Protein chains: 2
Amino acid sequence: MKIVPRTKMRDQVAQQIKEYILTNQLAPGDRLPTESQLAESFGISRLSVREATKALEFLGIVESKTGVGLTVGRIDMDRIVEHLGFHSGLMDVDPEQLIDSRVILETGVLPYVAQRIANDPMIESGLRELIDRFRATRELKTWIALDIEFHRSLLEASGLQPIVAFGDLLHVFFRRFRDSVKQGGWKQGIESHARLVDLLAAGNVAKATIELRNHIESHKERMPPRSRRS
Amino acid sequence: MKIVPRTKMRDQVAQQIKEYILTNQLAPGDRLPTESQLAESFGISRLSVREATKALEFLGIVESKTGVGLTVGRIDMDRIVEHLGFHSGLMDVDPEQLIDSRVILETGVLPYVAQRIANDPMIESGLRELIDRFRATRELKTWIALDIEFHRSLLEASGLQPIVAFGDLLHVFFRRFRDSVKQGGWKQGIESHARLVDLLAAGNVAKATIELRNHIESHKERMPPRSRRS
DNA sequence: GAGGAGTGATTGTCAGATAATCTTACCGAT
DNA sequence: ATCGGTAAGATTATCTGACAATCACTCCTC
(Lines give C-alpha, C1' and ligand atoms only; values in the text may rest on other atoms or scores of the structure.)
Protein backbone atom coordinates (compact mmCIF):
# COMPACT_ATOMS: atom_id res chain seq x y z
CA MET A 1 0.00 0.00 0.00
CA LYS A 2 1.24 3.40 -0.90
CA ILE A 3 0.02 6.73 0.27
CA VAL A 4 0.97 7.41 -3.28
CA PRO A 5 1.55 10.56 -5.12
CA ARG A 6 -1.76 12.33 -4.76
CA THR A 7 -0.19 14.99 -6.88
CA LYS A 8 0.49 13.88 -10.37
CA MET A 9 3.96 13.12 -11.50
CA ARG A 10 4.30 15.99 -13.89
CA ASP A 11 3.24 18.49 -11.26
CA GLN A 12 6.02 17.30 -9.03
CA VAL A 13 8.45 17.52 -11.89
CA ALA A 14 7.29 21.00 -12.78
CA GLN A 15 7.73 22.00 -9.18
CA GLN A 16 11.21 20.55 -9.08
CA ILE A 17 12.18 22.35 -12.25
CA LYS A 18 10.96 25.60 -10.81
CA GLU A 19 12.91 24.97 -7.65
CA TYR A 20 15.94 24.16 -9.73
CA ILE A 21 15.71 27.53 -11.39
CA LEU A 22 15.30 29.28 -8.06
CA THR A 23 18.03 27.49 -6.15
CA ASN A 24 20.51 27.97 -8.97
CA GLN A 25 19.53 31.60 -9.31
CA LEU A 26 19.03 31.29 -13.03
CA ALA A 27 18.11 34.38 -14.98
CA PRO A 28 15.97 34.54 -18.12
CA GLY A 29 17.95 33.19 -21.04
CA ASP A 30 20.08 30.87 -18.94
CA ARG A 31 20.25 27.30 -20.02
CA LEU A 32 18.64 24.41 -18.22
CA PRO A 33 19.75 20.78 -18.27
CA THR A 34 18.55 18.79 -21.23
CA GLU A 35 15.40 16.72 -21.06
CA SER A 36 17.45 13.57 -20.80
CA GLN A 37 19.51 14.90 -17.93
CA LEU A 38 16.44 16.05 -16.08
CA ALA A 39 14.77 12.71 -16.64
CA GLU A 40 17.79 10.89 -15.29
CA SER A 41 18.27 13.12 -12.28
CA PHE A 42 14.60 12.84 -11.36
CA GLY A 43 14.59 9.13 -12.02
CA ILE A 44 11.69 9.20 -14.45
CA SER A 45 11.21 8.88 -18.15
CA ARG A 46 11.89 11.63 -20.56
CA LEU A 47 8.23 11.81 -21.47
CA SER A 48 7.15 12.92 -18.04
CA VAL A 49 9.81 15.58 -18.10
CA ARG A 50 8.51 16.68 -21.46
CA GLU A 51 4.97 17.08 -20.24
CA ALA A 52 6.19 19.20 -17.39
CA THR A 53 8.43 21.35 -19.54
CA LYS A 54 5.75 21.79 -22.16
CA ALA A 55 3.34 22.98 -19.53
CA LEU A 56 5.92 25.37 -18.14
CA GLU A 57 6.68 26.55 -21.63
CA PHE A 58 3.01 27.24 -22.13
CA LEU A 59 3.16 29.51 -19.15
CA GLY A 60 6.28 31.17 -20.43
CA ILE A 61 8.40 30.02 -17.53
CA VAL A 62 10.77 28.12 -19.78
CA GLU A 63 11.49 28.17 -23.48
CA SER A 64 12.58 25.27 -25.58
CA LYS A 65 14.24 25.50 -28.95
CA THR A 66 14.92 22.58 -31.21
CA GLY A 67 18.55 21.72 -31.35
CA VAL A 68 19.41 24.11 -28.55
CA GLY A 69 17.77 23.04 -25.34
CA LEU A 70 15.77 24.52 -22.55
CA THR A 71 16.23 28.06 -21.38
CA VAL A 72 14.58 30.09 -18.67
CA GLY A 73 11.77 32.09 -20.21
CA ARG A 74 11.26 35.79 -20.15
CA ILE A 75 8.23 37.25 -18.47
CA ASP A 76 5.32 37.21 -20.81
CA MET A 77 2.24 38.67 -19.28
CA ASP A 78 0.45 38.72 -22.61
CA ARG A 79 0.54 34.99 -22.82
CA ILE A 80 -1.01 34.58 -19.41
CA VAL A 81 -3.61 37.18 -20.13
CA GLU A 82 -4.47 35.46 -23.37
CA HIS A 83 -5.17 32.17 -21.67
CA LEU A 84 -6.88 33.81 -18.75
CA GLY A 85 -9.08 35.65 -21.16
CA PHE A 86 -10.35 32.36 -22.35
CA HIS A 87 -11.96 31.86 -19.00
CA SER A 88 -13.84 35.11 -19.19
CA GLY A 89 -16.68 33.32 -20.90
CA LEU A 90 -16.81 30.69 -18.23
CA MET A 91 -16.33 32.43 -14.95
CA ASP A 92 -19.11 34.65 -13.78
CA VAL A 93 -17.84 37.74 -12.16
CA ASP A 94 -20.39 40.28 -11.14
CA PRO A 95 -20.24 43.03 -13.78
CA GLU A 96 -20.70 45.63 -11.09
CA GLN A 97 -17.60 44.35 -9.31
CA LEU A 98 -15.66 44.71 -12.53
CA ILE A 99 -16.69 48.32 -12.84
CA ASP A 100 -15.95 49.06 -9.20
CA SER A 101 -12.52 47.48 -9.58
CA ARG A 102 -11.86 49.61 -12.61
CA VAL A 103 -12.81 52.70 -10.70
CA ILE A 104 -10.36 51.82 -7.96
CA LEU A 105 -7.49 51.22 -10.37
CA GLU A 106 -8.03 54.18 -12.66
CA THR A 107 -8.88 56.78 -10.06
CA GLY A 108 -6.10 55.44 -7.88
CA VAL A 109 -3.43 56.23 -10.41
CA LEU A 110 -4.57 59.80 -11.01
CA PRO A 111 -2.34 61.40 -8.37
CA TYR A 112 0.65 59.65 -9.85
CA VAL A 113 -0.38 60.60 -13.37
CA ALA A 114 -0.78 64.22 -12.42
CA GLN A 115 2.65 64.26 -10.92
CA ARG A 116 4.26 62.65 -13.93
CA ILE A 117 2.45 65.01 -16.29
CA ALA A 118 3.90 67.92 -14.39
CA ASN A 119 7.41 66.55 -14.85
CA ASP A 120 7.11 65.25 -18.39
CA PRO A 121 4.99 67.14 -20.94
CA MET A 122 5.28 64.25 -23.37
CA ILE A 123 2.76 62.31 -21.34
CA GLU A 124 0.09 64.94 -21.68
CA SER A 125 0.63 65.35 -25.40
CA GLY A 126 0.35 61.60 -25.83
CA LEU A 127 -3.05 61.57 -24.18
CA ARG A 128 -4.19 64.60 -26.12
CA GLU A 129 -3.18 63.00 -29.37
CA LEU A 130 -5.42 60.09 -28.55
CA ILE A 131 -8.33 62.46 -27.95
CA ASP A 132 -7.74 64.09 -31.34
CA ARG A 133 -7.94 60.71 -32.96
CA PHE A 134 -11.15 60.15 -31.03
CA ARG A 135 -12.73 63.21 -32.57
CA ALA A 136 -11.58 62.21 -36.05
CA THR A 137 -13.12 58.79 -36.09
CA ARG A 138 -16.61 57.95 -37.19
CA GLU A 139 -16.52 54.19 -36.90
CA LEU A 140 -17.71 52.44 -33.79
CA LYS A 141 -15.04 49.79 -34.08
CA THR A 142 -12.14 52.19 -34.05
CA TRP A 143 -13.82 54.23 -31.36
CA ILE A 144 -13.89 51.22 -29.07
CA ALA A 145 -10.26 50.46 -29.81
CA LEU A 146 -9.32 54.03 -29.02
CA ASP A 147 -11.32 53.98 -25.82
CA ILE A 148 -9.43 50.93 -24.67
CA GLU A 149 -6.14 52.49 -25.64
CA PHE A 150 -6.95 55.69 -23.82
CA HIS A 151 -7.72 54.01 -20.56
CA ARG A 152 -4.64 51.85 -20.86
CA SER A 153 -2.50 54.88 -21.59
CA LEU A 154 -3.90 56.48 -18.50
CA LEU A 155 -2.68 53.59 -16.40
CA GLU A 156 0.65 53.56 -18.19
CA ALA A 157 1.05 57.24 -17.51
CA SER A 158 1.28 56.41 -13.84
CA GLY A 159 4.46 54.46 -14.47
CA LEU A 160 3.21 51.66 -12.24
CA GLN A 161 3.73 48.44 -14.12
CA PRO A 162 1.72 46.21 -11.80
CA ILE A 163 -1.35 48.38 -12.14
CA VAL A 164 -1.06 48.30 -15.91
CA ALA A 165 -0.96 44.54 -15.78
CA PHE A 166 -4.03 44.43 -13.57
CA GLY A 167 -5.81 46.74 -15.93
CA ASP A 168 -5.06 44.44 -18.83
CA LEU A 169 -6.44 41.56 -16.86
CA LEU A 170 -9.60 43.40 -16.00
CA HIS A 171 -10.06 44.44 -19.56
CA VAL A 172 -10.09 40.86 -20.67
CA PHE A 173 -13.05 40.21 -18.45
CA PHE A 174 -14.75 43.27 -19.82
CA ARG A 175 -14.64 42.03 -23.37
CA ARG A 176 -17.59 39.86 -22.55
CA PHE A 177 -19.82 42.89 -22.24
CA ARG A 178 -18.35 45.00 -24.96
CA ASP A 179 -21.38 44.57 -27.17
CA SER A 180 -23.80 45.93 -24.62
CA VAL A 181 -21.69 49.01 -24.09
CA LYS A 182 -21.60 50.17 -27.64
CA GLN A 183 -24.90 51.98 -27.66
CA GLY A 184 -23.83 54.12 -24.79
CA GLY A 185 -22.65 57.66 -24.74
CA TRP A 186 -20.25 58.32 -27.54
CA LYS A 187 -19.47 61.95 -27.94
CA GLN A 188 -20.20 62.15 -24.28
CA GLY A 189 -17.27 59.83 -23.64
CA ILE A 190 -14.92 61.91 -25.76
CA GLU A 191 -15.70 65.08 -23.90
CA SER A 192 -15.31 63.31 -20.60
CA HIS A 193 -11.86 62.15 -21.60
CA ALA A 194 -10.93 65.62 -22.73
CA ARG A 195 -12.09 67.16 -19.46
CA LEU A 196 -10.14 64.54 -17.58
CA VAL A 197 -6.88 65.42 -19.28
CA ASP A 198 -7.54 69.12 -18.78
CA LEU A 199 -8.06 68.62 -15.08
CA LEU A 200 -4.98 66.46 -14.75
CA ALA A 201 -2.84 68.95 -16.61
CA ALA A 202 -4.11 71.62 -14.26
CA GLY A 203 -3.14 69.46 -11.34
CA ASN A 204 -6.68 69.24 -10.06
CA VAL A 205 -6.63 65.61 -9.00
CA ALA A 206 -9.77 65.79 -6.89
CA LYS A 207 -12.01 66.96 -9.71
CA ALA A 208 -10.32 64.61 -12.16
CA THR A 209 -11.15 61.73 -9.86
CA ILE A 210 -14.81 62.69 -9.77
CA GLU A 211 -14.91 63.09 -13.53
CA LEU A 212 -13.36 59.69 -14.15
CA ARG A 213 -15.47 57.93 -11.58
CA ASN A 214 -18.66 59.24 -13.13
CA HIS A 215 -17.42 58.30 -16.56
CA ILE A 216 -16.71 54.71 -15.65
CA GLU A 217 -19.74 54.22 -13.46
CA SER A 218 -21.98 55.46 -16.24
CA HIS A 219 -21.43 52.03 -17.74
CA LYS A 220 -23.25 50.43 -14.88
CA GLU A 221 -26.66 51.51 -16.11
CA ARG A 222 -26.39 49.91 -19.50
CA MET A 223 -24.36 46.84 -18.75
CA PRO A 224 -26.02 44.01 -16.91
CA PRO A 225 -29.29 42.85 -18.45
CA ARG A 226 -29.33 40.67 -15.40
CA SER A 227 -26.79 38.61 -13.60
CA ARG A 228 -27.52 34.97 -13.11
CA ARG A 229 -25.92 34.44 -9.79
CA SER A 230 -26.57 31.18 -8.01
CA MET B 1 12.33 27.40 -47.66
CA LYS B 2 9.15 27.07 -45.79
CA ILE B 3 7.21 29.68 -43.96
CA VAL B 4 5.50 26.68 -42.51
CA PRO B 5 4.64 25.79 -39.00
CA ARG B 6 6.21 28.63 -37.20
CA THR B 7 3.86 27.77 -34.40
CA LYS B 8 4.57 24.47 -32.79
CA MET B 9 2.20 21.61 -33.16
CA ARG B 10 1.02 21.54 -29.60
CA ASP B 11 0.16 25.21 -29.66
CA GLN B 12 -2.06 24.63 -32.64
CA VAL B 13 -3.66 21.70 -30.90
CA ALA B 14 -4.18 23.69 -27.73
CA GLN B 15 -5.79 26.41 -29.76
CA GLN B 16 -8.07 23.95 -31.50
CA ILE B 17 -9.11 22.44 -28.21
CA LYS B 18 -9.95 25.86 -26.86
CA GLU B 19 -11.94 26.60 -29.98
CA TYR B 20 -13.71 23.30 -29.61
CA ILE B 21 -14.81 24.29 -26.14
CA LEU B 22 -15.98 27.67 -27.34
CA THR B 23 -17.82 26.54 -30.45
CA ASN B 24 -19.59 23.78 -28.57
CA GLN B 25 -20.45 26.14 -25.74
CA LEU B 26 -19.10 23.76 -23.14
CA ALA B 27 -19.42 24.71 -19.51
CA PRO B 28 -17.04 23.77 -16.70
CA GLY B 29 -17.48 20.12 -15.88
CA ASP B 30 -18.62 19.11 -19.35
CA ARG B 31 -16.80 16.26 -20.97
CA LEU B 32 -14.40 16.59 -23.83
CA PRO B 33 -13.57 13.92 -26.41
CA THR B 34 -11.00 11.40 -25.34
CA GLU B 35 -7.36 11.85 -26.16
CA SER B 36 -7.60 9.22 -28.84
CA GLN B 37 -10.59 10.87 -30.47
CA LEU B 38 -8.89 14.23 -30.42
CA ALA B 39 -5.75 12.73 -31.88
CA GLU B 40 -7.68 11.12 -34.68
CA SER B 41 -9.78 14.16 -35.49
CA PHE B 42 -6.70 16.36 -35.59
CA GLY B 43 -4.76 13.78 -37.54
CA ILE B 44 -1.87 13.60 -35.13
CA SER B 45 -0.59 11.20 -32.54
CA ARG B 46 -2.06 10.88 -29.11
CA LEU B 47 1.17 12.09 -27.57
CA SER B 48 0.95 15.50 -29.17
CA VAL B 49 -2.59 15.81 -27.95
CA ARG B 50 -1.37 14.90 -24.51
CA GLU B 51 1.21 17.64 -24.45
CA ALA B 52 -1.44 20.15 -25.36
CA THR B 53 -3.95 18.90 -22.82
CA LYS B 54 -1.33 18.74 -20.11
CA ALA B 55 -0.42 22.33 -20.74
CA LEU B 56 -4.07 23.35 -20.70
CA GLU B 57 -4.58 21.38 -17.53
CA PHE B 58 -1.71 23.23 -15.98
CA LEU B 59 -3.55 26.42 -16.67
CA GLY B 60 -6.76 25.00 -15.28
CA ILE B 61 -8.59 25.21 -18.59
CA VAL B 62 -9.21 21.48 -18.66
CA GLU B 63 -9.11 18.75 -16.06
CA SER B 64 -8.20 15.15 -16.65
CA LYS B 65 -9.08 12.27 -14.41
CA THR B 66 -7.71 8.79 -14.82
CA GLY B 67 -10.32 6.40 -16.05
CA VAL B 68 -12.81 9.17 -16.68
CA GLY B 69 -11.56 11.50 -19.35
CA LEU B 70 -11.15 15.16 -20.00
CA THR B 71 -13.52 17.76 -18.65
CA VAL B 72 -13.62 21.50 -18.93
CA GLY B 73 -11.90 22.98 -15.92
CA ARG B 74 -13.22 25.45 -13.44
CA ILE B 75 -11.49 28.76 -13.04
CA ASP B 76 -8.71 28.59 -10.56
CA MET B 77 -7.16 31.94 -9.93
CA ASP B 78 -4.95 30.52 -7.24
CA ARG B 79 -3.21 28.30 -9.72
CA ILE B 80 -2.50 31.15 -12.04
CA VAL B 81 -1.28 33.29 -9.20
CA GLU B 82 1.00 30.51 -8.05
CA HIS B 83 2.71 30.21 -11.38
CA LEU B 84 2.77 33.91 -11.99
CA GLY B 85 4.30 34.40 -8.61
CA PHE B 86 7.18 32.31 -9.69
CA HIS B 87 8.21 35.05 -12.04
CA SER B 88 8.67 37.40 -9.16
CA GLY B 89 12.16 36.07 -8.70
CA LEU B 90 12.94 36.75 -12.30
CA MET B 91 11.32 40.01 -13.14
CA ASP B 92 12.66 42.95 -11.30
CA VAL B 93 9.87 45.26 -10.42
CA ASP B 94 10.80 48.44 -8.67
CA PRO B 95 9.97 47.94 -4.99
CA GLU B 96 8.62 51.44 -4.80
CA GLN B 97 6.15 50.62 -7.54
CA LEU B 98 4.98 47.63 -5.59
CA ILE B 99 4.29 49.79 -2.57
CA ASP B 100 2.54 52.43 -4.62
CA SER B 101 0.39 49.76 -6.22
CA ARG B 102 -0.53 48.44 -2.82
CA VAL B 103 -1.50 51.87 -1.68
CA ILE B 104 -3.81 52.24 -4.65
CA LEU B 105 -5.50 48.90 -4.08
CA GLU B 106 -5.89 49.08 -0.33
CA THR B 107 -6.90 52.70 -0.01
CA GLY B 108 -9.14 52.28 -3.02
CA VAL B 109 -11.29 49.67 -1.33
CA LEU B 110 -11.79 51.67 1.87
CA PRO B 111 -15.02 53.38 0.76
CA TYR B 112 -16.49 50.02 -0.13
CA VAL B 113 -15.28 48.49 3.11
CA ALA B 114 -16.78 51.28 5.17
CA GLN B 115 -20.10 50.81 3.46
CA ARG B 116 -20.11 47.08 3.99
CA ILE B 117 -19.10 47.47 7.61
CA ALA B 118 -22.10 49.69 8.14
CA ASN B 119 -24.40 47.04 6.72
CA ASP B 120 -22.80 43.97 8.22
CA PRO B 121 -21.29 44.12 11.73
CA MET B 122 -19.72 40.72 11.20
CA ILE B 123 -17.08 42.27 8.99
CA GLU B 124 -15.89 44.65 11.68
CA SER B 125 -15.75 41.95 14.31
CA GLY B 126 -13.71 39.79 11.97
CA LEU B 127 -11.11 42.51 11.58
CA ARG B 128 -11.07 43.25 15.30
CA GLU B 129 -10.53 39.61 16.10
CA LEU B 130 -7.43 39.69 13.94
CA ILE B 131 -6.13 42.68 15.85
CA ASP B 132 -6.65 40.86 19.14
CA ARG B 133 -4.58 37.99 17.84
CA PHE B 134 -1.96 40.54 16.82
CA ARG B 135 -1.67 41.76 20.37
CA ALA B 136 -1.45 38.24 21.73
CA THR B 137 1.46 37.10 19.64
CA ARG B 138 5.12 37.45 20.49
CA GLU B 139 6.65 35.62 17.60
CA LEU B 140 7.81 37.46 14.53
CA LYS B 141 6.76 34.64 12.27
CA THR B 142 3.15 34.61 13.34
CA TRP B 143 3.11 38.36 13.39
CA ILE B 144 4.03 38.45 9.71
CA ALA B 145 1.39 35.86 8.89
CA LEU B 146 -1.20 37.89 10.73
CA ASP B 147 -0.15 41.06 8.98
CA ILE B 148 -0.64 39.40 5.63
CA GLU B 149 -3.99 38.05 6.71
CA PHE B 150 -5.13 41.41 7.95
CA HIS B 151 -4.41 43.20 4.72
CA ARG B 152 -6.03 40.43 2.76
CA SER B 153 -9.10 40.56 4.95
CA LEU B 154 -9.27 44.25 4.33
CA LEU B 155 -9.47 43.66 0.59
CA GLU B 156 -11.94 40.84 1.07
CA ALA B 157 -14.11 43.10 3.19
CA SER B 158 -14.71 45.17 0.08
CA GLY B 159 -16.43 42.25 -1.58
CA LEU B 160 -14.55 42.93 -4.80
CA GLN B 161 -13.16 39.64 -5.97
CA PRO B 162 -10.89 41.03 -8.69
CA ILE B 163 -9.17 43.33 -6.26
CA VAL B 164 -8.58 40.47 -3.84
CA ALA B 165 -6.98 38.52 -6.65
CA PHE B 166 -4.75 41.44 -7.55
CA GLY B 167 -3.77 41.80 -3.93
CA ASP B 168 -2.74 38.17 -3.82
CA LEU B 169 -0.65 38.69 -6.89
CA LEU B 170 1.07 41.72 -5.46
CA HIS B 171 1.71 39.89 -2.24
CA VAL B 172 3.66 37.24 -4.07
CA PHE B 173 6.00 39.87 -5.41
CA PHE B 174 6.40 41.22 -1.94
CA ARG B 175 7.64 37.97 -0.52
CA ARG B 176 11.00 38.74 -2.03
CA PHE B 177 11.52 41.58 0.38
CA ARG B 178 9.90 40.13 3.44
CA ASP B 179 13.17 39.67 5.22
CA SER B 180 14.12 43.30 4.99
CA VAL B 181 10.82 44.39 6.41
CA LYS B 182 10.94 42.46 9.58
CA GLN B 183 12.95 44.89 11.63
CA GLY B 184 10.41 47.58 11.04
CA GLY B 185 7.75 48.96 13.26
CA TRP B 186 6.00 46.21 15.10
CA LYS B 187 3.75 47.46 17.82
CA GLN B 188 3.50 50.54 15.71
CA GLY B 189 1.88 48.44 12.99
CA ILE B 190 -0.63 46.95 15.37
CA GLU B 191 -1.81 50.32 16.57
CA SER B 192 -2.05 51.56 13.03
CA HIS B 193 -4.27 48.66 12.14
CA ALA B 194 -6.43 49.28 15.18
CA ARG B 195 -6.82 52.94 14.35
CA LEU B 196 -7.73 52.02 10.80
CA VAL B 197 -10.58 49.80 11.89
CA ASP B 198 -11.79 52.41 14.32
CA LEU B 199 -11.91 55.04 11.61
CA LEU B 200 -13.67 52.71 9.20
CA ALA B 201 -16.25 51.73 11.77
CA ALA B 202 -16.87 55.41 12.39
CA GLY B 203 -17.35 55.90 8.67
CA ASN B 204 -14.46 58.31 8.42
CA VAL B 205 -13.08 57.13 5.11
CA ALA B 206 -10.90 60.15 4.51
CA LYS B 207 -8.88 59.78 7.69
CA ALA B 208 -8.76 56.03 7.30
CA THR B 209 -7.23 56.51 3.87
CA ILE B 210 -4.51 58.73 5.25
CA GLU B 211 -3.81 56.33 8.09
CA LEU B 212 -3.47 53.37 5.74
CA ARG B 213 -1.38 55.24 3.21
CA ASN B 214 1.11 56.27 5.85
CA HIS B 215 1.20 52.77 7.20
CA ILE B 216 2.02 51.17 3.87
CA GLU B 217 4.39 53.86 2.71
CA SER B 218 6.37 53.55 5.91
CA HIS B 219 7.77 50.41 4.34
CA LYS B 220 9.47 52.45 1.66
CA GLU B 221 12.22 53.65 3.95
CA ARG B 222 13.43 50.26 4.97
CA MET B 223 12.89 48.24 1.86
CA PRO B 224 15.23 48.69 -1.06
CA PRO B 225 18.88 48.17 -0.17
CA ARG B 226 19.48 48.77 -3.82
CA SER B 227 17.80 48.06 -7.09
CA ARG B 228 19.89 46.76 -9.89
CA ARG B 229 18.13 48.23 -12.85
CA SER B 230 19.78 47.94 -16.23
C1' DG C 1 -33.16 -5.99 -4.27
C1' DA C 2 -28.52 -5.06 -2.79
C1' DG C 3 -23.78 -5.63 -2.81
C1' DG C 4 -19.57 -7.10 -4.84
C1' DA C 5 -16.67 -8.77 -8.57
C1' DG C 6 -15.51 -8.27 -13.19
C1' DT C 7 -15.01 -5.79 -17.50
C1' DG C 8 -14.32 -2.02 -20.59
C1' DA C 9 -12.90 2.65 -21.25
C1' DT C 10 -9.63 6.20 -20.42
C1' DT C 11 -5.74 8.40 -18.74
C1' DG C 12 -0.78 7.75 -16.85
C1' DT C 13 3.72 6.24 -17.78
C1' DC C 14 7.29 3.98 -20.03
C1' DA C 15 10.74 2.50 -23.85
C1' DG C 16 12.58 3.04 -28.27
C1' DA C 17 13.00 5.12 -32.75
C1' DT C 18 13.06 8.63 -36.43
C1' DA C 19 12.83 13.46 -38.10
C1' DA C 20 13.92 18.31 -37.73
C1' DT C 21 16.80 21.83 -36.27
C1' DC C 22 20.56 24.23 -34.21
C1' DT C 23 25.55 24.59 -32.78
C1' DT C 24 30.10 23.75 -33.49
C1' DA C 25 34.16 22.38 -35.58
C1' DC C 26 36.54 21.03 -39.38
C1' DC C 27 38.20 21.40 -44.01
C1' DG C 28 38.94 23.37 -48.41
C1' DA C 29 39.32 27.24 -51.59
C1' DT C 30 41.00 31.67 -52.47
C1' DA D 1 45.65 33.16 -43.22
C1' DT D 2 40.85 34.08 -43.74
C1' DC D 3 36.47 33.13 -45.27
C1' DG D 4 32.81 30.03 -46.42
C1' DG D 5 30.49 25.92 -46.62
C1' DT D 6 29.73 21.34 -45.10
C1' DA D 7 29.54 17.55 -41.99
C1' DA D 8 29.01 15.75 -37.36
C1' DG D 9 27.04 16.00 -32.86
C1' DA D 10 23.54 17.46 -29.75
C1' DT D 11 18.89 18.39 -28.62
C1' DT D 12 14.19 18.87 -29.13
C1' DA D 13 9.79 17.29 -31.85
C1' DT D 14 7.00 13.73 -32.96
C1' DC D 15 5.53 9.10 -33.67
C1' DT D 16 4.51 4.01 -32.60
C1' DG D 17 3.43 0.57 -29.50
C1' DA D 18 2.81 -1.20 -25.14
C1' DC D 19 1.51 -1.83 -20.29
C1' DA D 20 -0.15 -0.08 -15.72
C1' DA D 21 -3.55 2.48 -12.91
C1' DT D 22 -7.87 4.10 -12.15
C1' DC D 23 -12.74 4.83 -12.66
C1' DA D 24 -17.61 3.83 -14.27
C1' DC D 25 -20.70 0.61 -15.25
C1' DT D 26 -22.71 -3.94 -15.79
C1' DC D 27 -23.79 -8.25 -14.40
C1' DC D 28 -23.76 -11.90 -11.37
C1' DT D 29 -24.58 -13.78 -6.94
C1' DC D 30 -26.82 -14.13 -2.62
Side-chain angles (χ1 to χ4, degrees), chain A residues 1-18 20-21 24 26 28-74 76, chain B residues 1-18 20-21 24 26 28-74 79:
Chain A
M1 154 175 166
K2 37 184 181 181
I3 312 292
V4 264
R6 227 55 195 136
T7 63
K8 305 219 166 73
M9 176 79 72
R10 58 176 174 282
D11 286 333
Q12 295 182 31
V13 176
Q15 190 59 34
Q16 289 193 69
I17 292 177
K18 292 206 291 185
Y20 177 90
I21 296 177
N24 293 65
L26 298 185
D30 287 354
R31 292 200 47 177
L32 268 62
T34 68
E35 292 181 348
S36 304
Q37 289 170 340
L38 287 173
E40 189 179 358
S41 73
F42 292 156
I44 58 177
S45 82
R46 192 182 145 221
L47 184 61
S48 293
V49 173
R50 259 189 87 70
E51 291 188 348
T53 57
K54 293 307 145 256
L56 291 177
E57 185 183 5
F58 222 70
L59 286 168
I61 290 178
V62 305
E63 289 178 6
S64 74
K65 271 182 282 192
T66 310
V68 179
L70 298 169
T71 56
V72 178
R74 293 181 163 73
D76 189 357
Chain B
M1 151 179 167
K2 40 183 178 180
I3 312 292
V4 258
R6 227 53 193 139
T7 62
K8 304 216 166 67
M9 177 74 75
R10 57 173 175 283
D11 287 332
Q12 297 182 32
V13 176
Q15 189 61 34
Q16 290 193 67
I17 292 177
K18 292 205 293 184
Y20 177 90
I21 297 176
N24 293 66
L26 297 185
D30 288 353
R31 292 201 46 176
L32 267 62
T34 69
E35 292 182 349
S36 305
Q37 289 170 340
L38 288 174
E40 189 179 1
S41 72
F42 293 156
I44 57 178
S45 84
R46 188 185 146 214
L47 191 60
S48 292
V49 173
R50 262 188 85 71
E51 291 189 348
T53 57
K54 290 316 131 208
L56 290 176
E57 185 182 5
F58 225 69
L59 286 168
I61 291 180
V62 304
E63 288 178 6
S64 72
K65 272 181 282 191
T66 310
V68 179
L70 298 170
T71 56
V72 178
R74 294 181 163 74
R79 180 173 282 263

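Small disclaimer: the values here were computed from a predicted structure and weren't measured. So you know, we letter chains A, B, ... as the sequences are listed, proteins then strands, and number each from 1.
Take the nearest nucleotide of DNA chain C for A/Gly43 and for B/Arg31: the residue whose nucleotide is more 5' is B/Arg31.
Listed nucleotides: C/dT11, D/dT12, D/dT14. Nearest to the side chain of A/Ser64: D/dT12. Side-chain proximity of B/Leu47 to the nucleotides D/dA13, D/dT16, C/dT10 is greatest for D/dT16. Counting only heavy atoms from C-beta on, B/Glu51 has its side chain closest to D/dT14 among D/dT14, C/dT13, C/dC14. Of the candidates C/dG12, D/dT12, C/dC14, C/dC14 carries the atom nearest the A/Ser48 side chain, counting heavy atoms from C-beta on.
The side chain of A/Ser45 places an N or O atom within less than 4.0 Å of a non-bridging phosphate oxygen (OP1 or OP2) of C/dC14. B/Lys65 has no side-chain polar atom (N or O) that falls below the 4.0 Å cut-off from OP1 or OP2 of C/dG12. Remark: B/Ser36 is not in phosphate contact with C/dT10, judged by side-chain N or O atoms under 4.0 Å from OP1 or OP2. OP1 or OP2 of D/dA13 has at least one side-chain nitrogen or oxygen of A/Arg50 nearer than 4.0 Å.
Taking CG of B/Asp30 as the start and CD1 of B/Ile21 as the end, the distance is 9.5 Å to the nearest 0.5 Å. Between atom CZ of residue B/Phe42 and atom CD of residue B/Gln12 there is a gap of 10.5 Å, rounded to the nearest 0.5 Å. The distance from atom CZ of A/Arg50 to atom OG of A/Ser64, rounded to the nearest 0.5 Å, is 7.0 Å. One finds the CG atom of B/Leu26 at 12.0 Å from the CD1 atom of B/Ile17 (value rounded to the nearest 0.5 Å).
Put simply, CG on B/Leu70 is 9 Å from C1' on C/dT10, counting in whole angstrom units. Counting to the nearest Å, the P atom of D/dT12 and the CG atom of A/Leu56 are 14 Å from each other. For B/Leu38 and C/dT10, the CG to C1' distance is 12 Å, given to the nearest whole Å. Nucleotide C/dT13 holds its C1' atom 10 Å from the CD1 atom of A/Ile44, rounded to whole Å. Rounded to a whole Å, the CD atom of B/Glu57 is 11 Å from the C1' atom of C/dG12. Here C/dT21 presents its P atom at 17 Å from CD of A/Glu35, a figure rounded to the nearest Å.
Nearest heavy atoms, B/Arg31 versus B/Val68: NH2-O, 3.0 Å. The minimum heavy-atom distance between A/Val49 and A/Glu35, with the atom names listed, is CG1-O, 4.0 Å. Nearest approach of A/Val13 to A/Ala52, heavy atoms of both residues: CG1-CB, 3.6 Å.
In this model, a side-chain donor or acceptor of B/Arg46 finds a partner on the base of C/dG12 within 3.5 Å.
With the end axes of the helix from C/dG1-D/dC30 to C/dT30-D/dA1 each set by five pairs, the angle from one to the other reads 10° at 10° resolution.
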